[in-house]
Undergrad: 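This is the structure I have questions about; it appears just below.
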Amino acid sequence: MPFAYGFLPHKGYCQQSKAPDYRFHPRPLWPKEYISKTNGASPMRMSRYFLPILKETPSEAQIVSHRLMLRAGMIRQSSAGIYSWLPMGFKVLRRLENIVHEEQIRAGHHPMLMPTLQSADLWRESGRYEDYGDEMLRITDRHGRDMLYGPTNEELITDIFRNNVQSYKDLPLTLYHIQWKFRDERRPRFGVMRGREFFMKDGYNFDIDKDAALHAYNRHLVSYLRTYERMGLKAIPMRADSGPIGGDDTHEFLVLADTGESEVFYDSAILDLEMGDREVDYDSVEQCAAIKEEWTTPYARTDETHDATLFDAIPEERRKISRGIEVGQIFYFGTKYSDAMNAKVVNEDGKLVPVHMGSHGIGVSRLIGAIIEASHDDKGIIWPEAVTPFRVGIVNLKQGDAEADAACENLYQNLTALGLDPIYDDRKERAGAKFATMDLIGVPWRITVGPRGLKNGVVELTSRKTGESVEMTPADAIARCAEIYAGV
RNA sequence: CGGGCUAUAGCGCAGUCUGGUAGCGCGUUCGUCUGGGGGACGAGAGGUCGCAGGUUCGAAUCCUGCUAGCCCGACCA
């Protein structure tokens, strides 16, 4: 009984993919107690929050996402390419992590957790201990054993698989985790976009044959499309090179941004494609294949795989060249690791066959940089509603004014009760400073409360993105915010 | 890993050439005035000048070694 692990279903993508259970949050954003409604000790009051914002840009930050993450008090560098995540940055990281979990679970994949430190022996088996080179951080423990800080987990998961699965009846199977990785980059830069330590979702599918594994590939492509779209991102799957993971079939997902590290060539028709809220049956081979077809038919490639002849066949007005940030990649690599590490199962005919595998990754910490690159202005970050650390900002223009204080307090309590996750700027600062702070940290919707408006019974609701303000009663402002976030 | 550069208060910087015991702006603390887009004035706090050694009566400053970090390139999620 290899899979009798409590809440994890033994089998079947069917039930889960058709009725996703959102009560299951692999890692809640924060425990309920975190939000105190009684003693005023909530960390979402800015006067009590830890949000060390900077007026000036630290000199080491070159690109906008890095600058803004430092200025908005999201991260602090601890050494080259290694960062501490301060409360607001950590909150965004958790939001992204949860979206990834939800979409993976929806697709029928099983969350688990593997360690950051691995034994070198497994990597010697696959031959990658030597191949991986200096990017692998090698560590020796007190007994002189060779260890390493995992840059990826193919070996470890294959070892777990071969020790616990013997039969085709336990397939198909996809396991994944979201865990810190380390790749000792020669030259870390761009903040979390290219750190040495990074937070990544990596998943591994095990299937009986190539067709089944290709379905897993397509299923991942679809789940990734949904994941990025939910985060408010336009991520385009592009045919890619397989790199050190190895394998035949691979796509990477790129977010268009001027600061991207890759040059990309694409047919602008692909920008019109949307997953929307279409129902997806992740068990349907046909449906997943059709969606893959839909998204991979328009030309979209990085400079690594670019084919000028194919590109030139696109109507000229749809030919686009720009830059992109890689935020994920999916691979099918067949029996590369199962052969090397002897991961076999018995098939229907009673024969021992190597499993077909693929792996898939989403750079969760890197995504934060990509989102900011794609969504900011000269005042600061503009968070998409789905990933914002705070959904509504409350600006009290005259702290200490009894009426304004009471109105803000009321808004704060009501928004909190509705799960609208407010941040209340209750500092004794001038209006300009409060506006600048809200703009910098990127809160999508701001409610401005001041004595002047309150005389007429109104507050102001302002969109960070458009800058448009509308006056309305506090009750209407709350209702409007609830409406905005209803589908998020 | 090649090439370039930097390290002085929480952040941004000056001072180093020409050695004499450290300064400016922002932030921060207190007070007064202010109060709808980083306000004004006044008074404070805060630095073994990256580390180690050397030269010198005296080193942020000169010399030697080291460490850390940044940028360009090649490489990479």
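Computed from heavy atoms alone, side chains included, the values below leave out hydrogens, waters and symmetry copies. Labels below follow one simple rule: chain letters A, B, ... track the order of the sequence lines, proteins then strands, and each chain is numbered from 1.
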Undergrad: Taking the six-membered ring for Trp and the single ring otherwise, decide whether the centroids of A:F253 and A:Y228 are under 6.0 Å apart.
TA: yes
Undergrad: Are A:Y176 and A:H101 an aromatic pair, judged by ring center distance below 6.0 Å?
TA: yes
Undergrad: Could you identify the nucleotide paired to B:G73, looking across every strand shown and requiring Watson-Crick or G-U wobble geometry with both distances under 3.5 Å?
TA: B:C1
Undergrad: Quick one: label A:G328 by what it contacts on the DNA or RNA (base, sugar-phosphate, nothing), any heavy atom closer than 4.0 Å.
TA: nothing
Undergrad: Looking only at side-chain atoms of A:S59, point me to the closest of B:G12, B:C76, B:G38.
TA: B:G12
Undergrad: Between A:L397 (CG) and B:G39 (P), how many Å, whole number?
TA: 15 Å
Undergrad: Please report the shortest heavy-atom distance between A:L148 and A:A120, naming the atom on each side.
TA: CD2-CA, 4.0 Å
Undergrad: Please report the distance separating the C1' of B:A60 from the corresponding atom of B:C13, rounded so that it comes out in whole Å.
TA: 15 Å
Undergrad: Given the P atoms of B:U48 and B:G10, what is the spacing between them in whole Å?
TA: 9 Å
Undergrad: Report the distance from atom CD of A:E197 to atom P of B:A77, rounded to the nearest whole Å.
TA: 18 Å
Undergrad: Rounded to the nearest Å, what distance is computed from the CZ atom of residue A:R452 to the P atom of nucleotide B:G37?
TA: 8 Å
Undergrad: Between A:R464 and A:D377, is the closest basic N to carboxylate O distance under 4.0 Å?
TA: yes
Undergrad: I want to verify a distance call: between B:G12, B:C71, B:G36, whose nearest atom is closest to the A:F435 side chain?
TA: B:G36
Undergrad: Is the distance between the ring centroids of A:F265 and A:F311 under 6.0 Å?
TA: yes
Undergrad: For B:G36, give its Watson-Crick or G-U wobble partner with both distances under 3.5 Å, or none.
TA: none
Undergrad: Heavy atoms under 4.0 Å, any strand shown: does A:K428 hit a base, just sugar-phosphate, or nothing?
TA: base
Undergrad: Applying salt bridge (Lys or Arg N to Asp or Glu O under 4.0 Å) between A:R366 and each of A:E326, A:E197, A:E261, report the one that passes.
TA: A:E261
Undergrad: How many whole angstroms separate atom CG of A:D401 from atom C1' of B:G36?
TA: 13 Å
Undergrad: In whole angstroms, how far is the C1' atom of B:A77 from the CG atom of A:D184?
TA: 15 Å
Undergrad: Could you list all N or O pairs between the protein and nucleotides 2-7 of chain B that sit under 3.5 Å apart?
TA:
none

Undergrad: With heavy atoms under 4.0 Å as the rule, sort A:A436 into base, sugar-phosphate or nothing.
TA: base
Undergrad: A:T437 near the nucleic acid: base, sugar-phosphate alone, or nothing, with a heavy-atom cut-off under 4.0 Å?
TA: base
Undergrad: Picking from B:G69, B:C76, B:G73, which would you name as closest to the side chain of A:E185?
TA: B:C76
Undergrad: Among side-chain atoms of A:E263 and A:T302, is any donor-acceptor pair under 3.5 angstrom?
TA: no
Undergrad: Within the 4.0 Å heavy-atom criterion, would you say A:D134 contacts the bases, only the backbone, or no part of the nucleic acid?
TA: nothing
Undergrad: What's the gap between B:U34 and B:G15 when it is taken at their P atoms, as a whole Å value?
TA: 42 Å
Undergrad: Provide, to the nearest angstrom, the distance between the CG atom belonging to A:L440 and the P atom belonging to B:G37.
TA: 18 Å
Undergrad: Go ahead and name the base partner of B:G31; Watson-Crick or wobble counts if both distances stay under 3.5 Å, otherwise write none.
TA: B:C41
Undergrad: Find the distance A:F331:CZ to B:C76:P and express it as a whole number of Å.
TA: 12 Å
Undergrad: Given that both distances must come in under 3.5 Å, which nucleotide forms a Watson-Crick or G-U wobble pair with B:C49?
TA: none
Undergrad: What about the rings of A:F190 and A:H66, do their centers lie closer together than 6.0 Å?
TA: no
Undergrad: Name the pairing partner of B:A68, where a pair is Watson-Crick or G-U wobble with both distances under 3.5 Å, or state none.
TA: B:U6
Undergrad: ring-ring contact (aromatic ring centres under 6.0 Å, His included), that's the test. Do A:F198 and A:W180 meet it? Break it down for me.
TA: CA-CA 6 Å; A:F198 57 99; A:W180 293 95; 8.4 Å; no
Undergrad: So which protein N/O to nucleotides 26-33 of chain B N/O distances come out below 3.5 Å?
TA:
residue: B:G27; atom: OP1; partner: A:K55; partner atom: NZ; Å: 3.2

Undergrad: A:L54 has a side chain; which of B:A77, B:C11, B:G73 sits nearest to it?
TA: B:C11
Undergrad: Output the single nucleotide from B:G37, B:C75, B:C70 whose closest atom is nearest the side chain of A:Q62.
TA: B:C70
Undergrad: Considering heavy-atom distances to RNA chain B, does A:T57 or A:E135 have its closest nucleotide positioned more toward the 5' end?
TA: A:T57
Undergrad: I'd like to know if the side chain of A:E154 pairs up with that of A:T152 as donor and acceptor (distance under 3.5 Å, no hydrogens or angles considered).
TA: yes
Undergrad: Please give the distance between the C1' atoms of B:G47 and B:A14 as a whole number of Å.
TA: 15 Å
Undergrad: Please report the distance, rounded to the nearest Å, between CZ in A:R67 and C1' in B:C11.
TA: 15 Å
Undergrad: Can you find a donor-acceptor N/O pair under 3.5 angstrom joining the side chain of A:R189 to the base of B:G73?
TA: no
Undergrad: Within the structure shown, what part of the strands sits under 4.0 Å from A:G400 by heavy-atom distance: base, sugar-phosphate, or nothing?
TA: nothing
Undergrad: Can a salt bridge be assigned to the pair A:E103 and A:R226 using a cut-off of 4.0 Å between side-chain N and carboxylate O?
TA: yes
Undergrad: I'd like the C1' distance from B:A74 over to B:C62, given in whole Å.
TA: 38 Å
Undergrad: Closer than 4.0 Å, any side-chain N/O of A:Q77 to the OP1 or OP2 of B:C70?
TA: yes
Undergrad: Using purine N1 to pyrimidine N3 plus N6-O4 or O6-N4 for Watson-Crick, or N1-O2 and O6-N3 for G-U wobble, each under 3.5 Å, what pairs with B:A60?
TA: none
Undergrad: If the C1' atom of B:U21 is compared with that of B:G36, how far apart are they to the nearest Å?
TA: 49 Å
Undergrad: Looking only at the side chains, is there a donor atom on one of A:H220 and A:N205 sitting less than 3.5 Å from an acceptor on the other?
TA: no
Undergrad: Using a 4.0 Å heavy-atom cut-off, does A:G450 contact any base of the nucleic acid, only the sugar-phosphate backbone, or nothing at all?
TA: base
Undergrad: Paired with B:G19 by Watson-Crick or G-U wobble geometry, both distances under 3.5 Å: which nucleotide is it?
TA: none
Undergrad: Please give the distance between the C1' atoms of B:G73 and B:C63 as a whole number of Å.
TA: 33 Å
Undergrad: Can you tell me if A:R430 touches the phosphate of B:G38, counting only side-chain N or O atoms and a distance under 4.0 Å to OP1 or OP2?
TA: no
Undergrad: Any donor-acceptor pair under 3.5 Å between the side chain of A:R71 and the base of B:C11?
TA: no
Undergrad: Expressed in whole Å, how much space separates the P atoms belonging to B:U16 and B:A22?
TA: 16 Å
Undergrad: Of A:R427 and A:G363, whose closest RNA chain B nucleotide lies nearer the 5' terminus?
TA: A:R427
Undergrad: Which residue is it: A:R162, A:E155, A:E125, A:R128? I am looking for the one with a side-chain hydrogen bond (donor to acceptor under 3.5 Å, both in side chains) to A:Y337.
TA: A:R128
Undergrad: Hey, does the Lys NZ or Arg CZ of A:R138 hover above the aromatic six-ring of A:Y129, less than 6.0 Å from the centre and inside 45° of the axis?
TA: yes
